[in-house]
Amino acid sequence: QVQLVESGGGLVQAGGSLRLSCSASGLTGVPHMAWFRRAPGKEREGVSYISKSGRTTYYADSVLGRFIISRDNADNTLYLHMASLQPEDTAMYYCAVKIATEFGGIWTTVSLYDAWGQGTQVTVSS
């Protein structure tokens, strides 16, 4: 089965940086990948998306200019470089994959993804 394992979360002060990683296994091909997050009392929301090749990326308006998504297909690893972190970034961050030639939908749609990791907690103190 497909397995996704996130890491890199932690406690950081406002203005600080973190790099999240997502290691994928059990894949037979290169998937579309994305980061989502769920803050306390809120719905899960899309943070960033990256295409199979890595040449196309999308970001939520709230993180644009502060976060950078990247991937290493040789290692089946997804990254999220987060800078200028703010308390509102506090959330559980999840890695997700979609196994398809073309995505065929809107990247922020949770139901379109095929597998999810367990999440890694990011806490930003003020």
Side-chain angles (χ1 to χ4, degrees):
Q1 72 281 6
V2 177
Q3 186 173 17
L4 305 174
V5 180
E6 301 96 336
S7 62
L11 175 64
V12 64
Q13 292 184 334
S17 300
L18 286 173
R19 186 186 76 166
L20 306 184
S21 299
C22 170
S23 178
S25 62
L27 294 168
T28 58
V30 180
H32 303 261
M33 302 188 80
W35 287 100
F36 285 74
R37 67 186 182 187
R38 188 182 182 96
K42 299 178 67 177
E43 298 291 326
R44 186 172 301 191
E45 65 173 349
V47 177
S48 186
Y49 161 91
I50 189 165
S51 64
K52 293 180 176 184
S53 67
R55 290 191 287 269
T56 299
T57 59
Y58 299 117
Y59 296 91
D61 288 344
S62 60
V63 307
L64 187 65
R66 298 189 298 119
F67 292 9
I68 299 174
I69 191 170
S70 63
R71 65 191 298 164
D72 183 344
N73 288 344
D75 292 336
N76 290 323
T77 304
L78 176 71
Y79 300 98
L80 185 67
H81 300 261
M82 306 185 295
S84 301
L85 285 162
Q86 300 298 313
E88 54 264 36
D89 296 314
T90 294
M92 185 72 74
Y93 284 71
Y94 300 91
C95 174
V97 302
K98 180 174 178 60
I99 304 167
T101 303
E102 302 293 336
F103 192 85
I106 301 172
W107 72 273
T108 54
T109 305
V110 171
S111 63
L112 295 181
Y113 290 84
D114 300 307
W116 296 82
Q118 292 297 310
T120 184
Q121 178 67 39
V122 172
T123 303
V124 184
S125 62
S126 61

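Just so it is clear, the structure is predicted and the values come from calculations on it, not from any experiment.
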Is there a donor-acceptor contact under 3.5 Å from the side chain of Lys52 to the main chain of Ala100?
yes
Grab the two heavy atoms, one from Cys22 and one from Leu4, that are nearest each other, plus how far apart they are.
SG-CB, 4.0 Å
Applying side-chain hydrogen bond (donor to acceptor under 3.5 Å, both in side chains) to Arg66 and not counting sequence neighbours gives Asp89
State, yes or no, whether a side-chain contact exists between Val124 and Pro87 at a heavy-atom distance under 4.5 Å.
yes
Would you say the side chain of Ser62 lies within less than 4.5 Å of the side chain of Gln86, judging by non-hydrogen atoms?
no
Is it true that Ile106 and Ile69 fall in one hydrophobic cluster, defined by side-chain heavy atoms closer than 4.5 Å?
no
Find the distance between CG (Leu80) and CZ (Arg71) and round it off to the nearest 0.5 Å.
13.5 Å
Taking all non-hydrogen atoms of both residues, which atom of Leu85 and which atom of Leu18 are closest, and how far apart?
CD1-N, 3.9 Å
Quick one: pull up OG in Ser48 and CE in Met33 and give me the separation to the nearest 0.5 Å.
11.5 Å
For the atom pair CD (Gln121) and CD (Glu6), what is the distance rounded to the nearest 0.5 Å?
11.5 Å
Distance-minimising heavy-atom pair for Thr77 and Ser21
CG2-CB, 4.5 Å
I'd like to know if Tyr59 and Leu78 are part of one continuous hydrophobic network [Ile/Leu/Val/Met/Phe/Trp/Tyr, side-chain heavy atoms within less than 4.5 Å].
yes
Using salt bridge (charged side-chain N to carboxylate O under 4.0 Å, His left out) as the criterion, point out the one residue from Glu43, Glu88, Glu45 that pairs with Arg37.
Glu45
I need the minimum non-hydrogen distance between Val2 and Gly26, along with the two atoms involved.
CG2-O, 3.8 Å
Quick one: do Ile68 and Ile50 end up in the same hydrophobic cluster if we chain Ile, Leu, Val, Met, Phe, Trp and Tyr together by side-chain heavy atoms under 4.5 Å apart?
yes
Centre-to-centre under 6.0 Å for Trp35 and Phe67, is that the case here?
no
Got a sec, which pairs hit ring-ring contact (aromatic ring centres under 6.0 Å, His included) with one end in residues 80-106, sequence neighbours left out?
His32-Phe103, Tyr49-Phe103, Phe103-Tyr113
Please answer: with hydrophobic residues joined when any side-chain heavy atoms are less than 4.5 Å apart, are Val47 and Val110 in the same cluster?
no
Pairs meeting criterion side chain to side chain donor-acceptor pair (under 3.5 Å) with involvement of residues 96-108, two or more places apart:
none
Closest non-hydrogen atoms of Gly46 and Ala60, given as atom of the first, atom of the second and distance, are O-CB, 3.4 Å
Side-chain touch Ser17/Arg19, heavy atoms, less than 4.5 angstrom:
no
Shared hydrophobic cluster for Ile99 and Leu112 (ILVMFWY, side-chain gaps under 4.5 Å)
no
